[in-house]
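Since the structure comes first, as structure tokens, the remarks are kept for the end.
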Amino acid sequence: MTSSTAEISFYSSMNGGRIALMRFYAYIGLALGIAGLAMYGQSGYNEDAFLYQILSMQGLIWGGTGALLGSGVAMIVSAMKPAMLQGKVAGNTVPWFDGMLLMVTLAVIAAQFEPAREFITYEDQSNLLAPSIVMTMNMLLVFSAVTYIAYLFAPAEFIGRLATGTAYLGIFAAGTALLLRWHESYLFDMEIGHAPVSNLYEVFIFMFIITAAVYLSFERRYNARAMGAFVMSIVAAGVFFGIWLDSVGQGLIKPLVPALQSYWMKIHVPMNFVGYGSFAVACGAGMAYLVRYRLEAKGGTAKVLAVFPSLEQLDQLAYKAVAVGFPAFTLATILGAAWAAEAWGGYWSWDPKETWALIVWLVYGAYLHARVSHGWHGKALAWWAVAGFLVTVFCFLGVNMYLSGLHSYGRLT
């Protein structure tokens, strides 16, 4: 490489870093602008209609101003301290923000095709658009899982790209459907409108987004495509359960029960499922580890083993997934305690949901302790990641379906 070529490459890298940093700060400014709208906006925070406040001209002014100020701060900071352009936080985070912005854009476009308000009734929700998009999501995610499995046996680049591409499309379809469902809940009545994280059907879709997104970020960074056969199979199993939920009426938009009519729901529930989704990815990595370990023990051919990431890499990916999910789940538990104190007058009641959430926290806390403090690696931790997710599934589903308590509003009945 000549000196002039190296110089061009250096400046290209610097400019790319500056653009990523500006976008990163713009997104932060946008979020702060929306927070400012809630606290200091002309009409103040309206629990029933804040979604529309954000999308109004007032929201555009507050959010747009925040984004412009954020970009300006990034330009000044990067000029004063160029070393910031080499940081990885902005580059790794911006694609997530870009994806969320694309989902919002797609939902806004889709909302233009909703039936007129006079043709929408609470009793008959069959003509709403979100269920059709959810069905599209179902087909994409199941197809992606099947294609990832096919990639294990026929690792052609085309098959791999098809699996990855349909997983991305499934994420965007899921995000668009959830946001559109949020809008649709307001079409019946402003008092019915609520964030789409209020029942099992909705949070399953949210977990699909988190699980697939965390996995795809690992695939892109670590070239771990074969792990998709295991992670996306978990997602596909969830898709079929979601279809069953819809068949028993859980897919209908319903008014919130009084216990859920709180701003805490919008932050506590999503953080919980960031944890659950990350633990699902750790489970997928653990299953892939165990399969490769068995193949190696049985003398599997080099061609078959070449498709899988190495045992060391799978062990590391399971750890990274838990390292993402555990802080999110911890924060969700703390937020849940704060919500409980506000709603029920106490931070902890040893309700079955709370008890099993503590068990999940202890399982993954012990996993991290064994890994970081005692240097555990390998097969034992792979089984731990799989077993930990089974505990998580019971906390998520088993408690809701079989146990009663203060969280009984989450049951299927």
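Judged by distance alone, with hydrogens and angles left aside, the side-chain atoms of Arg292 form a donor-acceptor pair with the main-chain N or O of Leu305 at under 3.5 Å. When atom types are taken as modelled, the side chain of Glu114 and the backbone of Ala110 share no donor-acceptor pair closer than 3.5 angstrom. Side-chain N or O atoms of Arg23 include none that pairs as donor or acceptor with a backbone N or O of Val94 at under 3.5 Å. When atom types are taken as modelled, the side chain of Thr164 and the backbone of Arg161 share no donor-acceptor pair closer than 3.5 angstrom. Under a 3.5 Å cut-off, the side chain of Thr65 and the backbone N or O of Trp62 do not form any donor-acceptor pair. Checking side-chain atoms of Ser278 against main-chain N and O of Val322 turns up no donor-acceptor pair under 3.5 Å. Put simply, the side chain of Glu184 gets close to the backbone of Leu129: a donor and an acceptor are under 3.5 Å apart. Between the side chain of Thr166 and the main chain of Ala163, a donor-acceptor pair closer than 3.5 Å is present.
Residues Tyr168 and Leu140 have side chains not in contact (no heavy-atom distance under 4.5 Å, counting atoms from C-beta outward). Using a 4.5 Å heavy-atom cutoff, the side chains of Lys320 and Tyr222 are in contact. Ile234 places a side-chain heavy atom less than 4.5 Å from the side chain of Met287. Taking 4.5 Å as the limit, some side-chain heavy atom of Phe279 sits within range of a side-chain heavy atom of Phe329. For the pair Phe396/Val360, no side-chain contact is recorded, criterion being any heavy-atom separation below 4.5 Å from C-beta on. For the pair Lys266/Val197, no side-chain contact is recorded, criterion being any heavy-atom separation below 4.5 Å from C-beta on. Inter-residue side-chain proximity for Phe206 and Val269 is flagged as unmet; no heavy-atom pair is nearer than 4.5 Å. Leu21 is listed as a side-chain neighbour of Tyr25, based on a closest heavy-atom distance under 4.5 Å.
Shortest non-hydrogen contact noted between Ala340 and Glu354 is CB-OE2, 4.3 Å. Residue Ala167 comes nearest to Ser144 through the heavy atom pair CB-OG, 3.4 Å, listed as atom of the first residue, atom of the second, then distance.
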Working for side-chain contact (heavy atoms from CB on, under 4.5 Å), residues Leu128 and Ile253
CA-CA 10 Å; Leu128 295 177; Ile253 296 172; 4.2 Å; yes
List the steps and the verdict of side-chain contact (heavy atoms from CB on, under 4.5 Å) for Gln250 and Trp244.
CA-CA 9 Å; Gln250 290 290 309; Trp244 176 77; over 6 Å; no
Pair Tyr201, Arg181 - check side-chain contact (heavy atoms from CB on, under 4.5 Å), show working.
CA-CA 12 Å; Tyr201 179 78; Arg181 185 179 173 90; 3.8 Å; yes
For side-chain contact (heavy atoms from CB on, under 4.5 Å), just list the numbers for Leu245 and Asn199, CA-CA rounded to whole Å, side-chain angles, deciding distance to a tenth of an Å, and then say yes or no.
CA-CA 10 Å; Leu245 285 174; Asn199 60 25; over 6 Å; no
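Ring orientation note: the planes of Phe97 and Phe24 are tilted relative to one another, at an angle of 30° to 60°. Using the six-membered ring where Trp is involved, Trp376 and Trp384 have ring planes that are perpendicular, over 60° apart on the 30 and 60° scheme.
Counted within 6.0 Å of CZ on Phe188, heavy atoms from surrounding residues, nucleotides or ligands total more than 12; the atom is thus considered enclosed. Environment of OH in Tyr293: sparse, with no more than 12 heavy atoms of neighbouring residues, nucleotides or ligands closer than 6.0 Å.
The ring-ring contact (aromatic ring centres under 6.0 Å, His included) analysis of residues 133-165, with sequence neighbours excluded, yields the pairs Tyr148-Tyr215.
Asp315 and Arg371 are joined by a salt bridge, as a carboxylate oxygen and a charged side-chain nitrogen come within less than 4.0 angstrom of each other.
Taking the six-membered ring wherever Trp is involved, the centroid distance between the rings of Phe273 and Tyr276 falls below 6.0 Å. Checked against the 6.0 Å centroid criterion, the rings of Trp361 and Phe326 qualify as a close aromatic pair.
Partners of Ser247 according to the side chain to side chain donor-acceptor pair (under 3.5 Å) rule, which considers only residues two or more places apart in sequence or in another chain, do not exist here.
Here the rule is side-chain contact (heavy atoms from CB on, under 4.5 Å) with Ile133, and of Leu180, Asn138, Leu178 only Leu180 fits it.
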